[in-house]
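This report concerns only the one structure given below.
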Amino acid sequence: MARVVVDVMLKPEILDPQGQAVQRALPRLGFAGIADVRQGKRFELEVEGPVDDAALAQINTMAETFLANTVIEDFTVRVEEVAHRGEAK
């Protein structure tokens with residue numbers, strides 16, 4: 001079994017009020033030096049079988065039509081190694 005991660009972020013030209021709220025709160029909490037914050041979403045998909053070109057094409061289609069609003073969001077798809085049960089990652 002493999003894990004495919006889809007990260008979804010607002011496009012740079014889209015305002016991110018949640019990110020701005022976090023950015024404003026950080027100095028009050030003692031965290032300095034953060035110039036900008038953008039909030040996004042992460043989807044972890046456990047895929048049965050190999051993650052070949054066909055599986056990645058299907059996941060890209062899924063991300064484009066369901067996981068992300070491509071009018072205002074960009075997404076990336078990547079395959080992650082999955083540690084076997086009982087092993088440290």
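For clarity, every value in this text was computed on a predicted model and none was experimentally measured.
Other residues sharing the hydrophobic cluster of Ile59, ordered by chain and number and joined by side-chain separations under 4.5 Å: Val4, Val6, Val8, Phe43, Leu45, Val47, Val51, Leu56, Met62, Phe66, Leu67, Phe75, Val77, Val79.
For residues 26-41, the set of pairs meeting the salt bridge (charged side-chain N to carboxylate O under 4.0 Å, His left out) definition, not counting sequence neighbours, comprises Lys41-Glu73. Listed by first and then second residue, the side-chain hydrogen bond (donor to acceptor under 3.5 Å, both in side chains) pairs that reach into residues 11-24 are Gln18-Gln39, sequence neighbours excluded. Within the structure, the side-chain hydrogen bond (donor to acceptor under 3.5 Å, both in side chains) test picks out no pair touching residues 56-70 (sequence neighbours left out).
Leu29 and Val37 fall within a single hydrophobic cluster, where Ile, Leu, Val, Met, Phe, Trp and Tyr are joined by side-chain heavy atoms under 4.5 Å apart, directly or via other members.
Applying the side chain to side chain contact (heavy atoms under 4.5 Å, CB included) rule to Val5 yields the partners Arg3, Asp7, Arg42, Glu44, Arg78, Glu80; only residues at least two apart in sequence or on another chain are considered.
When all heavy atoms are compared, the tightest approach of Ala55 to Pro50 is CB-O, 4.0 Å.
Within the 4.5 Å cutoff, the side chain of Pro12 has heavy atoms near those of the Asp74 side chain.
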